[in-house]
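The next block holds one structure in the form of structure tokens; read it before the comments.
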Amino acid sequence: MDPAGALAGRRPRRTRPRGGPGTDRYPRSRGLDFGPMASTPTAPTSWSPRTRSRGEIARWSRTMIPTLREAPAEATTPSHRLLLRAGYIRQVAAGVYDYLPLAWRSLTKIAQIVREEMNGAGASEMLMPALVAMELFEETGRAQDYGDDLFRLKDRHGRPTALGPTHEEVITAFLRDAVTSYRQLPLALYQIQTKFRDEPRPRAGLLRCREFIMKDAYSFHLNVEGPGGLNETYDAMYKAYCNVFSRCGLDFTVVEAESGPIGGSASHEFMVNCETGEDTILRCPASGYAANVEKCEIGARAWSFEGAAAAPLAKVHTPGMPGIETVASFLGVEAAGMLKTIVLEPAPGVDSGGVAWVLAVVRGDHEVNTGKVRDAIGFKVVLADEKKARAAGFAIGYVSPRAAAAAPGGALLVVDPDAAQGDLAWATGADEPNHHVTGFSWSRDLGAPTADARYVKVADARNAVVGDPSPRAKGSTLVAQRGLETGHIFKLGTKYSDAMGFAVMDEGQQKSSVIMGCYGIGVSRTMAACVEMSHDENGIIWPAAIAPYHALLVLMKPADAEHARVAESLAGELADAGLDVLIDDRDERPGVKFKDADLVGLPVRITIGEKALAAGGVELKGRRDPGKGEVVPLDQVRERCLAALTA
RNA sequence: CGGGGUGUAGCGCAGUUUGGUAGCGCGUCUCGUUCGGGACGAGAAGGUCGGAGGUUCAAAUCCUCUCACCCCGACCA
């Protein structure tokens, strides 16, 4: 491993001849002449094995880094403002951006890290088209499910086509033809490609785009367990994802997640930790357990329907107050002292065992989680259609747990433990419009059904909140943390293979559905998340591994031949050590250059100026270091640079 | 798709209430003086005022329609 190996993410490069005299055909009109352009790539004359890796050298004056003193008004998120100001991106349309040279270098480095880790996990890279025939999405029903998020177009023959938002269908269609024997499994394939999703609301620059770069991987198995099974690859991917984000220099948390509309059975999200993240995750500091709000389990809570009624049941006129907050303040109670009863119905097409309604009861300050309700009762539920529910006699907005007993066709009551407290006098709906009751007691006012497990289940039925008991460590409570989702892995199961008829003969000569996993990383989002996570008021602060260049050589006097000579020789030396170097050779005032240096955020800044040169050195400063930097003798620059980058 | 907001020079904005032929700062170009944290002076270029209709002698400004972008929500890599 070369000394800079820890920088990671650099592709080993083939040796290329350094430009000889005369390779620079176009004389530069101004600025300095570094002689031959040392970093001009020249095609190797013949194949040669990789012998060493050399960094690249670029000149600010010869590339395009349009920094802005003021951020465009439309940018409000830090990463959006900084990527725009520092000359990394330009907006072309809502959620559509140009990736300028600096951004592209970073993206390339992230992609390369992803590649290495995917290959290491046994996956093979390929590339599928962005253009997808609509009939493929029809096969799985996702033409419908995706709805308007799918970019749709017609070709000249009028054939319905889409721009791929993800490629489960495409790869499944390919493999159901190409995989002819179980012996070809397991298999993991991936691509790094532009995806298209017509987001209802693109926002925050690169964080939510309609066109973005994503790595999507798919794995195919005969079994879930055992060698070659889904779990094996899933675990390998899990590790690979941890490696990717660690190597990128990101601070991240892995959380358990709902698998969402993409379907499947298990899933983890990889979240970059940052205050401005759009997702809230909950974490148990004692056990390390983390999950998103929807998925997060809650530790055991004591409950009982037993208990004496503390107050008589009283009906109160509460005109036009269906919302908990307004009623609570009207009644003079806390939201936490109310019972919220949400009317649910079995999802279309599920076998509910004859149950027509499901009433979920949570405390007034909590939110019902339909996924948890599903887990409690064994079938999927959705929010009841309001008209239908009213017709069935539910006073929507004023429903109480008692409505379950009165409901035609029977209703199942799912009560969250925090709501199943018998010794409290609750405020809740009166089951008639514009009225609530106070003094509600489970045992007195609902009575016998509370003991009947066929009608009443007590189970976790709500979203977790900060302060809830940890599901993994007794005595520990959940804390909240913000994050940005940059990776997501799913166990898909046979959802797509079944829908698309992808099955193979197994060893026992039985037709067997292929089991799938899918694994995504938002590459462009990862770059933005990194900026979101790592910046200060002056600009971006790149981790070395994905910085567009490792070092910035700032020439105080670009016109000075001696300065130019030092810059050239230093740049060459650093490149030889494997560093990518950007030379700020612009004829600009020092202040401008320093401001731009901080904005662009390269990890190491080397200032070549009179004062340090007189002392036999240059100034070296890490992006996070305060001040002007430290004077370092020329012959130690390389070493100090590498040390700074690997720190 | 609901709610809010903004479109005037590359960027940031004023001008719109009360119609009178477009302005400021930054940036850009030229010359000079400068040169270690976004210099100074002098000069210059750059705008179908988002678009289309309409009212008017006259529209950035008033009316109608439309498009784009941003923010909050619903939704999400």
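For clarity, every value in this text was computed on a predicted model and none was experimentally measured. Letters A, B, ... mirror the listed sequences (proteins, then strands); counts begin at 1.
In this structure, H167(A) has no ring pair (Phe, Tyr, Trp, His ring centres under 6.0 Å) partners at least two apart in sequence or on a different chain. Residues that satisfy the ring pair (Phe, Tyr, Trp, His ring centres under 6.0 Å) test with F252(A), not counting sequence neighbours, are F245(A).
Under the Watson-Crick and G-U wobble criteria, each requiring two contacts below 3.5 Å, nucleotide U18(B) is left unpaired. In this structure, U64(B) and A52(B) make a Watson-Crick or G-U wobble pair, each of the two defining distances being under 3.5 angstrom. For A42(B), the paired base is U30(B) (Watson-Crick or G-U wobble, both distances below 3.5 Å). Both distances falling under 3.5 Å, in either a Watson-Crick or a G-U wobble arrangement, occur for no nucleotide opposite G37(B). Using N1 to N3 plus N6-O4 or O6-N4 for Watson-Crick, or N1-O2 and O6-N3 for G-U wobble, each under 3.5 Å, C24(B) pairs with G12(B). Across the strands present, A58(B) finds no partner; the criterion is a Watson-Crick or G-U wobble pair with both atom distances under 3.5 angstrom.
When rounded to the nearest whole Å, the span between CZ of R201(A) and P of A74(B) equals 10 Å. In this entry the distance linking CD of E168(A) with C1' of A77(B) reads 12 Å, nearest Å. Atom CG in D279(A) sits about 12 Å away from atom C1' in C75(B), given to the nearest Å. R210(A) has its CZ atom 9 Å from the P atom of C70(B), to the nearest Å. When rounded to the nearest whole Å, the span between CZ of R203(A) and P of C72(B) equals 6 Å. Note: CD (E74(A)) to C1' (G10(B)) measures 13 Å, nearest angstrom. The interatomic distance linking D587(A) (CG) with G32(B) (P) rounds to 13 Å, in whole Å. Rounded to whole angstrom, the span from the CG atom of D596(A) across to the C1' atom of G27(B) amounts to 12 Å.
At C70(B), one or more side-chain N or O atoms of Q91(A) fall inside 4.0 Å of OP1 or OP2 (strictly under the cut-off). Put simply, R197(A) has no side-chain N or O that comes within less than 4.0 Å of OP1 or OP2 on A77(B). For the OP1/OP2 pair of A39(B) and a distance below 4.0 Å, the side-chain nitrogens and oxygens of R589(A) include at least one atom meeting the criterion. Taking 4.0 angstrom as the limit, R69(A) places a side-chain polar atom (N or O) nearer than this to OP1 or OP2 of G27(B). For A77(B), neither phosphate oxygen OP1 nor OP2 lies less than 4.0 angstrom from any side-chain nitrogen or oxygen of T486(A).
Look at F212(A) and the base of A77(B); the rings stack, centres closer than 5.5 Å and planes less than 30° apart.
Among the atoms of the strands shown, base atoms are found under 4.0 Å from some heavy atom of G627(A). Contact annotation for K593(A): no contact, since no heavy-atom pair falls under 4.0 Å across all strands. Residue contacts shown for D148(A) are absent, as no nucleic acid heavy atom lies under 4.0 Å away. Residue-level contact check: R85(A) touches the bases, meaning some heavy atom is under 4.0 Å from a base atom. Residue contacts shown for I213(A) are absent, as no nucleic acid heavy atom lies under 4.0 Å away. Within the 4.0 angstrom heavy-atom criterion, no nucleotide atom of any strand lies near K195(A). Contact annotation for A529(A): no contact, since no heavy-atom pair falls under 4.0 Å across all strands. At the heavy-atom level, A71(A) lies under 4.0 Å from the strands shown only through sugar-phosphate atoms. Counting non-hydrogen atoms under 4.0 angstrom, G520(A) reaches nothing in the nucleic acid. Within 4.0 Å (heavy atoms only), P200(A) reaches at least one base atom of the nucleic acid.
Contact of R586(A) with G38(B) (side chain to base): no donor-acceptor pair of N or O atoms is detected under 3.5 Å. Looking at E70(A), its side chain has no donor and acceptor atom pair within 3.5 Å of the base of G10(B).
Picking from G38(B), A77(B), G36(B) the nucleotide with the shortest atom distance to the side chain of V592(A) gives G38(B). Candidate nucleotides U28(B), G38(B), G36(B) were compared by shortest atom distance to the side chain of K628(A), and G36(B) ranks first. Nearest to the side chain of A73(A), among G38(B), C75(B), G12(B), sits G12(B). Of the candidates G12(B), A77(B), G38(B), G12(B) carries the atom nearest the P72(A) side chain, counting heavy atoms from C-beta on.
Toward the 5' end of RNA chain B, the nearer of the two residues L613(A) and H80(A), judged by each one's closest nucleotide, is L613(A). A residue-by-residue look at L207(A) and A93(A) shows that A93(A) has its nearest nucleotide of RNA chain B further toward the 5' end.
The gap from the C1' atom of A74(B) to that of G4(B) amounts to 15 Å, rounded to the nearest Å. For G38(B) and G53(B), the P atoms lie 49 Å apart once the distance is rounded to whole Å. If you take atom C1' in C49(B) and the same atom in A68(B), they sit 15 Å apart, rounded to whole Å. With P as the reference atom, C71(B) and G54(B) are 36 Å apart, rounded to whole Å. The separation of A9(B) from A52(B), taken at their P atoms, amounts to 16 Å, rounded to a whole angstrom. Between G46(B) and C72(B), the distance separating the two C1' atoms is 37 Å to the nearest Å. Atom C1' of A39(B) sits at a distance of 16 Å from the matching atom of G25(B), rounded to the whole Å. On the C1' atoms, G47(B) is 16 Å away from G12(B), given to the nearest whole Å.
For the atom pair L83(A) CG and E532(A) CD, the distance stands at 9.0 Å (nearest 0.5 Å).
A cation-pi contact, defined as under 6.0 Å to the ring centre and within 45° of the axis, links K491(A) to Y234(A). Annotation: cation-pi pair R90(A)/Y97(A) absent, no NZ/CZ under 6.0 Å from the ring centroid and within 45° of its normal.
When only modelled atom types and interatomic distance are considered, Y218(A) and D216(A) share a side-chain donor-acceptor pair under 3.5 Å.
Outside the 6.0 Å centre-distance limit, the rings of H268(A) and F270(A) are not counted as a close aromatic pair.
In this structure, Y88(A) and W542(A) have tilted ring planes: the angle between them lies in the 30° to 60° band.
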Evaluate the criterion side chain to side chain contact (heavy atoms under 4.5 Å, CB included) for residue pair I608(A) and M556(A); output intermediate values, then yes/no.
CA-CA 6 Å; I608(A) 300 172; M556(A) 298 311 290; 6.0 Å; no

